[in-house]
**Student:** 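What follows is a single structure, and I will ask about it in a moment.
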Amino acid sequence: MSESEEAGEAPAPRTRRRGRPPRDDAAPSTRDRVLAEATALFARHGADGVSMRDIAARVGIDVSSVHHHFPSKASLYDACFARVFEREQATLTPPVRALLAAVRSEPPGDVVGAAHDLVDAFVDFLDEYPQTTFLWLRRWLDPTLHLSLDEAYSLPIYGEIERALLEAATRGLVVEPTPHITVRSLVWAAHGHVTALSARGGDAVTADRERREFRAYAHRFVDRLYASPGAGASGG
């Protein structure tokens, strides 16, 4: 015990040593901040229009810190798609499994209803993460460049849906000779919808109307493909 404490005096506050500020566990990690800013920049300018220094400047760190987490721009570009894919997979896996369950159950479940639910899940996902659209559109400007990104981060999900639709057709539950065309058509339509909304800027009333109109269109598309003759349209 110090002399001041023996005398009943309050101990002097300790002076914090200089160095790094205390860590905020609730704050995003540097790696996550790099990924978020890189995704935004790649979505806006494409891979060729963004440098590692641009990303470092947006995050507010040295470019060496970016290289610490991602050795090259190619590895960072891939990681941005992996991050988007993780979110998309988490969103779409439950409705894809529900579609498969409807196809394979005995007796078969509501396959068309499950297809509607899957459409809603995909549209909801793009509404929540519109950068997904622009990240992919920039990549697709050159169909052969970065083709491995498609193979890793889009085709697995789309392939599952195509196989489910093909199995439904094989069992006679729907008529679907070209499931890959159907999936591609809906995916491109949804991305086009997000692009149109972005072009309109901040007009919230128009945006809400177009969201409702697009969703109604997507459900009509599914109904006209798969619903029994005379069945009423579902999903609005």
Side-chain angles (χ1 to χ4, degrees), residues 19-96 118 120-143 145-158 187-204 207-208 210-211 214:
R20 294 183 178 179
R23 178 178 175 179
D24 181 0
D25 291 333
S29 67
T30 300
R31 185 180 190 278
D32 286 342
R33 289 165 55 213
V34 169
L35 277 173
E37 296 296 345
T39 300
L41 287 172
F42 287 140
R44 184 177 302 170
H45 304 293
D48 293 337
V50 178
S51 71
M52 296 290 262
R53 290 190 181 278
D54 294 331
I55 296 163
R58 280 284 292 265
V59 180
I61 58 177
D62 293 332
V63 69
S64 60
S65 297
V66 178
H67 282 289
H68 171 74
H69 295 282
F70 303 97
S72 66
K73 187 169 75 170
S75 65
L76 176 53
Y77 192 54
D78 185 280
C80 289
F81 279 88
R83 180 171 174 260
V84 167
F85 175 74
E86 184 178 2
R87 290 173 173 170
E88 186 174 6
Q89 190 176 42
T91 300
L92 297 187
T93 293
V96 170
L118 179 54
D120 278 333
F122 185 58
V123 174
D124 287 345
F125 171 76
L126 291 184
D127 276 344
E128 186 174 358
Y129 300 108
Q131 281 183 344
T132 302
T133 287
F134 300 104
L135 194 65
W136 278 110
L137 289 182
R138 292 289 180 181
R139 176 262 167 279
W140 288 328
L141 285 174
D142 187 336
L145 188 64
H146 304 297
L147 189 59
S148 62
L149 294 173
D150 292 45
E151 295 168 350
Y153 303 126
S154 65
L155 297 183
I157 296 176
Y158 303 154
V187 167
W188 274 98
H191 285 309
H193 159 66
V194 173
T195 304
L197 285 181
S198 177
R200 289 192 176 276
D203 185 349
D208 286 344
E210 290 205 5
R211 287 189 181 96
F214 177 76

**Student:** I would like to know whether T30 and V66 meet side-chain contact (heavy atoms from CB on, under 4.5 Å); could you show each step before the answer?
**Tutor:** CA-CA 9 Å; T30 300; V66 178; over 6 Å; no
**Student:** Strictly distance-based, threshold 3.5 Å: is any side-chain N or O of D127 a donor or acceptor partner for the main-chain N or O of D124?
**Tutor:** no
**Student:** Indicate whether any N or O donor in one side chain lies under 3.5 Å from an N or O acceptor in the other, for D78 and S75.
**Tutor:** no
**Student:** If you round to the nearest 0.5 Å, how far is CG of L135 from CZ of R44?
**Tutor:**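 Rounded to the nearest 0.5 Å, the CZ-CG separation comes to 13.0 Å.
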**Student:** Using the six-membered ring wherever Trp is involved, compare the ring planes of F125 and Y129 and label them parallel, tilted or perpendicular (cut-offs 30° and 60°).
**Tutor:** tilted
**Student:** For the residue pair T39 and T132, establish whether any side-chain heavy-atom pair is separated by less than 4.5 Å.
**Tutor:** no
**Student:** Ignoring hydrogens, what is the shortest heavy-atom contact between H69 and R31? Give both atom names and the distance.
**Tutor:** ND1-CB, 3.8 Å
**Student:** Taking only Lys NZ, Arg NE, NH1 and NH2, and the carboxylate oxygens of Asp or Glu, determine whether D150 and R139 approach each other closer than 4.0 Å.
**Tutor:**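 Answer for the salt bridge query: yes.
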**Student:** Of the non-hydrogen atoms in R58 and A40, which two are nearest, and what is the gap between them?
**Tutor:** NH2-CB, 4.1 Å
**Student:** Roughly how far, to the nearest 0.5 Å, is the SG atom of C80 from the NZ atom of K73?
**Tutor:**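 If I round to the nearest 0.5 Å, the distance is 11.5 Å.
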**Student:** How close do F70 and M52 get, counting heavy atoms only, and between which atoms?
**Tutor:**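 Scanning both residues completely, I find the closest heavy atoms to be O-CE, 3.4 Å.
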**Student:** For a quick test of reading the model, state the closest non-hydrogen atom pair linking L149 to Y77 and the distance between them.
**Tutor:** CD1-CE2, 3.5 Å
**Student:** Measure the CG-CZ distance between L76 and F81 for me, rounded to the nearest 0.5 Å.
**Tutor:**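 CZ of F81 is found 11.0 Å from CG of L76.
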**Student:** Which heavy atom of F42 sits nearest to which heavy atom of A47, and what is that distance?
**Tutor:**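 Answer, listing the atom of F42 first, then A47: CD2-CA, 3.9 Å.
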**Student:** Could you measure the distance from the CG atom of L145 to the CG atom of D48? Nearest 0.5 Å is fine.
**Tutor:**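 Atom-to-atom, L145:CG and D48:CG are 7.0 Å apart.
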**Student:** More than 12 heavy atoms of other residues, nucleotides or ligands under 6.0 Å from CG of D208: yes or no?
**Tutor:**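 Enclosed.
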**Student:** First locate atom CD of E86, then atom OG1 of T91, and finally report the distance between them rounded to the nearest 0.5 Å.
**Tutor:**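 Taking CD in E86 and OG1 in T91, the distance rounds to 10.5 Å.
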**Student:** Distance check, rounded to the nearest 0.5 Å: R53 atom CZ versus D62 atom CG?
**Tutor:**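 Rounded to the nearest 0.5 Å, the CZ-CG separation comes to 9.0 Å.
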**Student:** Flag yes if more than 12 heavy atoms outside H68 fall under 6.0 Å of its NE2 atom; otherwise flag no.
**Tutor:** no
**Student:** If I compare all heavy atoms of V59 with all of V34, which pair ends up nearest, and what's the gap?
**Tutor:** CG2-CA, 3.8 Å
**Student:** Side chains of T195 and F134: closer than 4.5 Å at any heavy-atom pair?
**Tutor:** yes
**Student:** On the 0 to 90° scale, with breaks at 30° and 60°, tag the H193-F214 ring pair as parallel, tilted or perpendicular.
**Tutor:** parallel
**Student:** For F85 and Y153, take the angle between the two ring planes, folded into 0 to 90°, and tell me which bin it lands in: parallel under 30, tilted 30 to 60, perpendicular over 60.
**Tutor:** tilted
